[in-house]
Amino acid sequence: MQQSDLAGFPRDEAVHRLFFALWPDDALRQGIADAAARLECQHAPGGRRLHSERYHLTLQFLGDFQPLRPSVVDAAQAAADALRLPAFELVLDHAGSFAGSRVWWLGTCGIPPGLRALRDRLGMALAKAGVQVKSPPAFAPHLTIQRDVRKQIAPVPIEPRHWSVRSFVLIDSQPGRRYEVLREWPLARAE
């Protein structure tokens, strides 16, 4: 989204949750949905499975805004514009839940250096641009697949889902609406 596009921003009083994320392509979304369905059949967590169009891996959470101010979006986009990082590979190879949490997720046994660099450098760029980040300091990369579960699941291996990460996005999430990708940034191809 370019700055001139901000005129189309909703000026309502809805809560806007703003975050940077990795956004899977359609084929990977289907693979994740298949893994979620298998886990649901095997472990019967109760709760509700997320629709595949909501799958993402959060890099940096900027917070909830009511209303969403274009200046926040402009500053966040400027921070992301400053990044030049290479593409990388990520493997979703296990499922689990966090202690005390009511969600199940897919994650990776190890954080690839490319993912760590993207999250860290994005955080530094946002701080330099004066954008406050509300992400926890510890990074536990995960993709939520089930909410409101009645039971926890210990980490369990799954059939690996390979993710060629070639870009990241800025998302605006509003209650009851589809995620809106405000903008996408490509990562550099390996030479």
Side-chain angles (χ1 to χ4, degrees), residues 15-64 86-120 122-123 133-182 184 187 190:
V15 173
H16 295 260
R17 179 162 283 178
L18 204 59
F19 55 93
F20 283 96
L22 300 183
W23 194 249
D25 64 22
D26 290 340
L28 181 57
R29 283 180 192 284
Q30 185 58 56
I32 293 166
D34 293 345
R38 271 195 289 288
L39 286 163
E40 188 174 16
C41 286
Q42 293 168 350
H43 300 282
R48 59 185 171 82
R49 190 174 346 142
L50 261 61
H51 191 281
S52 64
E53 67 189 24
R54 298 188 73 79
Y55 293 155
H56 68 276
L57 190 150
T58 301
L59 296 168
Q60 293 290 353
F61 177 61
L62 305 184
D64 292 336
F88 58 91
E89 300 299 315
L90 173 65
V91 179
L92 300 173
D93 54 13
H94 70 281
S97 57
F98 298 117
S101 166
R102 296 192 60 198
V103 301
W104 281 13
W105 45 259
L106 299 186
T108 181
C109 283
I111 302 175
L115 177 57
R116 170 74 65 199
L118 175 56
R119 182 184 188 264
D120 291 350
L122 180 57
V133 172
K134 304 208 173 167
S135 297
F139 185 39
H142 66 282
L143 186 147
T144 300
I145 57 170
Q146 189 98 17
R147 291 196 181 279
D148 303 322
V149 297
R150 291 190 301 264
K151 67 181 184 178
Q152 302 287 302
I153 183 173
V156 58
I158 62 164
E159 179 183 337
R161 305 292 174 190
H162 295 270
W163 190 344
S164 293
V165 179
R166 303 293 178 249
S167 64
F168 65 101
V169 297
L170 178 61
I171 296 175
D172 176 10
S173 170
Q174 298 175 58
R177 293 189 174 178
R178 294 174 71 135
Y179 286 162
E180 181 180 357
V181 174
L182 298 179
E184 181 174 14
L187 297 172

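The figures here come from the full heavy-atom set of this structure, side chains too, leaving out hydrogens, waters and symmetry mates. Just so we're clear, the structure is a prediction, and the values are computed from it rather than from any experiment.
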Original post:
Parallel, tilted or perpendicular for Trp104 and His43, by the 30°/60° rule?
Top reply: perpendicular

Original post:
Does any non-hydrogen side-chain atom of Glu89 lie less than 4.5 Å from one of Pro112?
Top reply: no

Subject >> Nearest-0.5 Å distance, CH2 of residue Trp105 to OH of residue Tyr55 >> reply: 15.0 Å

Subject >> Between CZ on residue Arg29 and CZ on residue Arg54, distance to nearest 0.5 Å >> reply: 10.5 Å

**OP:** Could you grab the distance from atom CG of Leu57 to atom CD1 of Ile32, nearest 0.5 Å is fine?
**Re:** 9.0 Å

Subject >> Heavy-atom pair with the smallest gap, counting every atom of Ser97 and Val103 >> reply: CB-O, 3.1 Å

Original post:
In Å and rounded to the nearest 0.5 Å, what is the NE2 to CZ distance from His16 to Arg177?
Top reply: 7.0 Å

Original post:
Which pair of non-hydrogen atoms, one from Pro155 and one from His94, has the smallest distance, and what is that distance?
Top reply: CB-CD2, 4.2 Å

Original post:
Hey, are Gln30 and Asp26 close enough side-chain-wise for a donor-acceptor pair under 3.5 Å?
Top reply: no

**OP:** Give a yes or no answer on whether the side chain of Asp93 reaches the backbone of Cys109 with a donor-acceptor pair at less than 3.5 Å.
**Re:** yes

Original post:
Judged by atom type as modelled, is there a donor-acceptor pair below 3.5 Å linking the side chain of Thr108 to the main-chain atoms of Gly110?
Top reply: yes

Original post:
Rounded to the nearest 0.5 Å, what separation is found between the CZ atom of Arg17 and the CG atom of Asp64?
Top reply: 4.0 Å

Original post:
Measuring from Thr144:OG1 to Leu50:CG, what's the distance to the nearest 0.5 Å?
Top reply: 6.5 Å

Original post:
What closest approach, in Å, do Phe88 and Leu118 show between heavy atoms, and which atom pair accounts for it?
Top reply: CE2-CD2, 4.1 Å

**OP:** Just say parallel, tilted or perpendicular for the rings of Phe20 and Phe168, cut-offs at 30° and 60°.
**Re:** tilted

Subject >> Side-chain touch Val133/Leu62, heavy atoms, less than 4.5 angstrom >> reply: yes

**OP:** Look at the rings of Tyr179 and His56 and say which category their plane angle falls in: under 30° parallel, 30 to 60° tilted, over 60° perpendicular.
**Re:** perpendicular

**OP:** State, to 0.1 Å, how close Lys134 and Gly63 come at their nearest heavy-atom pair, and which atoms those are.
**Re:** CD-CA, 4.1 Å

Original post:
So which heavy atom on Ala37 is nearest to which on Arg49, and how close?
Top reply: CB-NH1, 3.7 Å

**OP:** Report yes if the side chains of Ser173 and Phe19 come closer than 4.5 Å at any heavy-atom pair, otherwise no.
**Re:** yes

Subject >> Close side-chain approach of Leu115 and Trp163, heavy atoms under 4.5 Å >> reply: no

Subject >> Least distance between heavy atoms, Ser167 atom then Glu184 atom >> reply: OG-OE2, 2.5 Å

Subject >> Main-chain N/O of Leu59 paired with Arg119 side-chain donor or acceptor, under 3.5 Å >> reply: yes

Original post:
Does some side-chain heavy atom of Leu182 sit less than 4.5 Å from a side-chain heavy atom of Leu18?
Top reply: yes

Subject >> Polar side chain donor-acceptor pair, His162 to Ser164, under 3.5 angstrom >> reply: no

